[in-house]
Amino acid sequence: MKAALKILKNPCPLEYPQCIITRMKNEQKKPALIGVIGGVGPFAGLDFMRNIFNSTRAAKDQEHLDCVLVSCPSIIPDRTEFLFNSEAAENPCMGMFESAKKLHAAGVSYAVVACNTAHSGRIFGPFCEMARDSLPGLTIINMLETCATHVRKNMGITRIGLLATLGTHRSGVYREYFGGSFELIEPDAAGQKNVHEAIYSKEFGIKAFSQPVTPLARETIGGEIRKLASRGAQAIILGCTELPLAVQAGAVSVPVIDPGLIAARALVARAAPEKLLAL
């Protein structure tokens, strides 16, 4: 017992400080920890994580980036419901902020909210303000902003179709980021409702049936893509993080733009640009 106590009281007095210094140096070389606020919806957050892994140059487990997914759907009310009836529903920004606090506590430096509708000004604005004021060192990457920047720099197109929830269409948030440089082509009222049902329907929607997505949801979304293409859309933005679960690149007649994939690549680029795989 006395020998054990002696060892605890005097743990290598000369080497121990050097061990601490070496560990700190190694930690400083590690890429920044990245994070995802998920749960909006849960399978969309999972798909976002897959985009991170698919965008990372890695030959073994240890070469992948450290990342954290916080999926707390129980504390984040539906975003479209809030935008349609803000007086009766709690602002989802509060639950998003609680999720961001978990990421901050874990040491995350860069994070994305894996939901398009959550980027509407009435939700995303106060969320970013709270994060900026209370969570130092945590940078929130704007998924829609990174999408618009990517399209401007890399795609050489001007006419873009948009599929999204009714909340996203009503908020006009995509018009804010894509206005001016692009002609944004949105479905008519019936088409917007069709896409919204393909996402939200309890009978066949993607939120209820994510793995696998129902044939009816796929057919509904594919039909609206074809309509937008017939109106001159050169590419289609999948402006809801559930939509890429139902639409695979190359399966439709026009290119599709996945804002989640672009944001996932932005996270990798921030944390370790040398690990970012080319598209």
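Below, all heavy atoms of this structure are taken into account, side chains as well, without hydrogens, waters or symmetry copies.
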Next item on the list: May I have all residue pairs that pass ring pair (Phe, Tyr, Trp, His ring centres under 6.0 Å) and include part of residues 181-211, sequence neighbours excluded?
Entry: F178-F182, H196-Y200
Next item on the list: Using the ring pair (Phe, Tyr, Trp, His ring centres under 6.0 Å) rule, collect all pairs that involve residues 30-67, keeping only residues at least two apart or in two chains.
Entry: F53-H64
Notebook entry, point to check: For L279, what are the other residues in its hydrophobic cluster, where any two members join if their side-chain heavy atoms are less than 4.5 angstrom apart?
Noted result: none
What residue pairs, at least two apart or across chains, pass salt bridge (Lys or Arg N to Asp or Glu O under 4.0 Å) with a residue in [range]?
{"range": "residues 175-184", "result": "R159-E183, R175-E186"}
{"range": "residues 94-105", "result": "E98-K101"}
{"range": "residues 195-212", "result": "K207-E242"}
{"range": "residues 270-279", "result": "none"}

What donor-acceptor contacts under 3.5 angstrom involve side-chain atoms of residues 112-121, with partners at least two apart or in another chain?
unit_1: N116; atom_1: OD1; unit_2: Y174; atom_2: OH; d: 2.5
unit_1: T117; atom_1: OG1; unit_2: T165; atom_2: OG1; d: 2.9
unit_1: T117; atom_1: OG1; unit_2: T168; atom_2: OG1; d: 2.6
unit_1: H119; atom_1: ND1; unit_2: C115; atom_2: O; d: 2.7
unit_1: H119; atom_1: NE2; unit_2: M143; atom_2: N; d: 3.2
unit_1: S120; atom_1: OG; unit_2: T117; atom_2: O; d: 3.1

Note to self: Treating S171 as the side-chain partner and V173 as the backbone partner, does any N or O pair qualify as donor plus acceptor under 3.5 Å?
What the structure shows: yes
In chain order, what residues pass the side chain to side chain donor-acceptor pair (under 3.5 Å) check against [X], with sequence neighbours excluded?
{"X": "H104", "value": "none"}
{"X": "N142", "value": "Y177"}
{"X": "N154", "value": "H150"}

Notebook entry, point to check: side-chain contact (heavy atoms from CB on, under 4.5 Å) between T241 and V40: does it pass, once the steps are laid out?
Noted result: CA-CA 8 Å; T241 45; V40 283; 6.0 Å; no
Next item on the list: Applying side chain to side chain contact (heavy atoms under 4.5 Å, CB included), name anything that partners P187, two or more places apart in sequence or on another chain.
Entry: L163, H169, Q192, E224, L228
Checklist line | Value rounded to 0.5 Å, distance of OG in S99 from CD1 in I75 | finding: 4.0 Å
